[in-house]
Amino acid sequence: MDTSGAESSAQSDKKEDRAPSVQGKDGPKPKKASLKRTKDTKNFKKHKKARVSRPARLGYTVHQGEDMLLVISSATSQYDDSSWVPKKKGNKKKKLSKAKSKAKQAKKKTVSAKPVAATKPAVKEEEGTGLCVPHWEVDHRWGQSLPEEVLINVFKMVVSQDGAVPFLCRVGRVCRLWNAAASSPVLWRRVTVGHCWITQGKSQLAKTEKRIRDTVDWLAQNRFSQLRDFSLCHWTKNVDYALEVISQFCPHLCSLKLSYCTGLTMKGFQSLGLHSRALQSINLQYSEFQVEGLLEYLENHGSQIRQIWFTHGLKNDRLLSAITRGCCPDLELLEVNTKLDSKDSELPVCIQALQMACPKLKTFRMLNVRPLHKSMRNRDSAPGFPLLEELCIATTSFSYMTDKDLLDILFSSTRLRVLDLRGCSRITPSGLATLPCHELECLFWGQYFSSHIALHSPKKGLHMVTQKWSRTLQQLDIANQLFTEEDLELAMGYLTQASEANTLRSLNLSGTRITPNALKSVAGQMIALDYLNLSSCRYLPRGMKRIYRGQEDIRQLLDKLE
C-alpha cells in the first residue's frame, strides 16, 4: 500500500512540473508546445554554430575623408566623430521617421515665416555684452549687384595705373558681370604685353608658339577694337605675326612701342603700311629690327609720323639721314639715345638740314650722344626750329657742344621751355644769356661723372642766367658747377627778386660753393620751393649737407641757418 501511494504521488508531481511549460493563454496544448520548443532549440543551436569568435576591437579606424583620402584615426583622437561605425540593424525606420519629422518642421517654419522678416535682419543680443549683432551673415555677392558702368569706371582707375594686362584678364574670370565690364573696349585702349609665356633665354616649343598666336588673335578680335597704344616688351619671336594681327584688327592704332624686341622684319613694316593708317608714333629703342624695312616704310608713309624714338647704332644712323632728307615733314618729336655699354656715341648730324626737313619739331633729345655738327653751304636759308619747346643734349661723360653750336640750334626757338645741357662743360653763362628764349622754365646744367671737374678754374657770370629767367624758372640744376661764392650769392639774389611769382620749385646746388648767407635768402623767400639738394656742399656746416624734400623740411633748415 505504501509503495503504490508513493509511485502515484511521484507521477502526479511529474505532471505538475510539466504543465506550466506547455500552458498558454487558451489552455494546455502539449503537442504544439513541444513542436515550438524543438524548433527554437534547433535555431539556437544553428546560431551558435554560425557565430565566429571576433578579436578584440582595434584602437584605430580607417575611413574615407575629403578629396578621396583615407584617414586613419585612433579611438581617442580628434577624428572620433568622423570614424566609421557599423550600421545598427532596425534603425532605418527610426531614421526615416526622424528625417520626415524634420522636413515637416522646416516646411511649417517656411510657411509661417512672414515676408517682412526677409528684409529686416533678426537682431540678436550676445550674452555678456550689450552689442546687437545681425542674425544673418554678411552678403559677399555685392560685386554682382553693382551697375556695369560703375565697374567700368573702377576698372579704368586700375588700368590707368597698372595697365590692362593682366588685370582685365583676371577680373574677367570672377563672374559674368565682371566679365562683361572687363570686356568693354574702352578699357583696352592702351595695352602692354611682356614675355609672359616662356622664361627668358629658353627655346620656344611648337605648342607654346601656337598658344601665343591664338592668344594674340583672340585679343585682337575680341578686345582691341578701340586700341590706341600698343607695346611689346622682350619678345624674341612672333613679333612680325603680332604686328600683322594688330594692324589688321586695330584700325585706330596710333602708337607702337617695341622695347628689347628682336625679329622685326620688312614683313611687319609692310603690314603696318597697309592697315595702320592712323599710326603716328613709333618707338624702337633697344630693339633689333630690319632697318631697310623701316626706311621703306618712312619713304612711303613718313608723312603721317609725328614721333620717332630709336637707339644709336651703325645701322640705325641711316634713319637720321632719311629724316634729314624730308621723309617725315610733320615730325614733332625726335629722340636718339645710346645703350649704357656702348662705347661709340658720336653721331654726325647736320642741324641745318634737319631744320629744313622738320620745321614743326617741338622736342629734340639726344641722350648720351655726342653730335658732330655738319655745316651746309646755304647756311642762311635754314629756318631753325621756331616751334621747339624742349632741347636735350645730355651726356654722362663730355660733350663737344659750344656756345656757337647751341646758338645755331636755337637761334629761332623763342618758345623753348626745357633746356637740358648736363655734361656740356663748354657752355658758358654768356652763351646762355644770348639765347632768344625768354620764358625758360627748366634749366639742367649740372656736371655728372666727369673726372676733370676739379681741374677747371672757377667760373663767373651765373647771375646773368638767373637774372634773365628769374621770373619763369621752375627747376634749376647747377650741380658741380664751380662758380665762386660771390657769384653764387649774387645769382641767388636775382632769384629772390622775383619771389612774388613763387615759381621756383626745385633747386639743385650739389657740389657747389654755396654759403649759408646765400642759402638763407633762397630758403627764406622762395615759398614754393619743394626740393633742395645741398649734398657735398663744402662751404656749409655739418648736418646740412643733404637733400631736403618738402616745405616743412626746408623750414627746419631755415631755422638752423638763423
Side-chain angles (χ1 to χ4, degrees), residues 254-256 269 272-273 276-285 289-338 345-394 399-402 404-420 435-437:
C254 298
S255 175
L256 175 64
F269 289 112
L272 290 175
S276 299
R277 298 296 183 180
L279 187 63
Q280 298 180 357
S281 176
I282 298 178
N283 190 341
L284 300 175
Q285 288 182 339
F289 54 91
Q290 190 174 1
V291 182
E292 290 78 10
L294 181 57
L295 291 175
E296 182 180 351
Y297 174 81
L298 292 179
E299 290 177 359
N300 298 327
H301 307 281
S303 58
Q304 69 185 36
I305 300 301
R306 302 291 184 271
Q307 300 176 349
I308 292 181
W309 290 265
F310 68 92
T311 302
H312 164 64
L314 295 177
K315 297 181 179 180
N316 301 346
D317 293 345
R318 289 187 290 172
L319 293 175
L320 188 60
S321 301
I323 293 173
T324 55
R325 289 197 302 266
C327 292
C328 305
D330 296 333
L331 194 66
E332 297 179 358
L333 185 147
L334 175 61
E335 179 175 329
V336 184
N337 68 350
T338 58
S345 59
E346 295 182 356
L347 177 61
V349 55
C350 183
I351 297 297
Q352 288 78 15
L354 185 61
Q355 291 172 348
M356 296 178 64
C358 304
K360 299 181 181 179
L361 196 65
K362 295 181 179 180
T363 303
F364 184 29
R365 302 188 189 120
M366 303 188 74
L367 305 176
N368 280 327
V369 176
R370 293 196 294 269
L372 299 177
H373 294 278
K374 292 182 178 179
S375 60
M376 292 180 61
R377 294 180 180 179
N378 298 327
R379 183 176 177 181
D380 298 333
S381 61
F385 297 118
L387 303 179
L388 194 65
E389 297 179 358
E390 178 183 350
L391 176 64
C392 177
I393 309 179
S399 175
Y400 302 128
M401 182 69 63
T402 60
K404 181 177 177 299
D405 298 331
L406 184 62
L407 186 60
D408 290 341
I409 299 174
L410 301 175
F411 71 91
S412 63
S413 303
T414 57
R415 301 183 181 182
L416 194 68
R417 298 290 184 272
V418 180
L419 181 59
D420 192 348
L435 295 179
C437 51

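The salt bridge (charged side-chain N to carboxylate O under 4.0 Å, His left out) test applied to Glu335 returns Arg365, not counting sequence neighbours. Residues that satisfy the side-chain hydrogen bond (donor to acceptor under 3.5 Å, both in side chains) test with Glu296, not counting sequence neighbours, are absent from this structure. Residues meeting the salt bridge (charged side-chain N to carboxylate O under 4.0 Å, His left out) test with Asp420, sequence neighbours left out: Arg422. For Val369, the side-chain contact (heavy atoms from CB on, under 4.5 Å) partners are His312, Val336, Thr338, Leu347, Met366, not counting sequence neighbours.
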Quick one: side chains of residues 356-363, donor-acceptor pairs under 3.5 Å with protein atoms, not counting sequence neighbours, listed by atom name and distance.
{"residue": "Lys360", "atom": "NZ", "partner": "Asp330", "partner atom": "OD1", "Å": "3.1"}

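Note that the CG atom of Leu419 and the CD1 atom of Ile409 stand 10.0 Å from one another [nearest 0.5 Å]. The line from CD1 of Ile282 to OG of Ser255 is 9.0 Å long, rounded to the nearest 0.5 Å. Here the SG-CG distance, from Cys437 to Leu410, works out to 6.5 Å after rounding to the nearest 0.5 Å. The structure places CG of Leu416 at 11.5 Å from CZ of Phe385, a figure rounded to the nearest 0.5 Å.
The side-chain heavy atoms of Ile393 and Leu367, taken from C-beta on, include no pair separated by under 4.5 Å. Leu333 places none of its side-chain heavy atoms less than 4.5 Å from the side chain of Phe364.
For the salt bridge (charged side-chain N to carboxylate O under 4.0 Å, His left out) condition, the pairs that include at least one residue of residues 312-329, sequence neighbours left out, are Glu292-Arg318.
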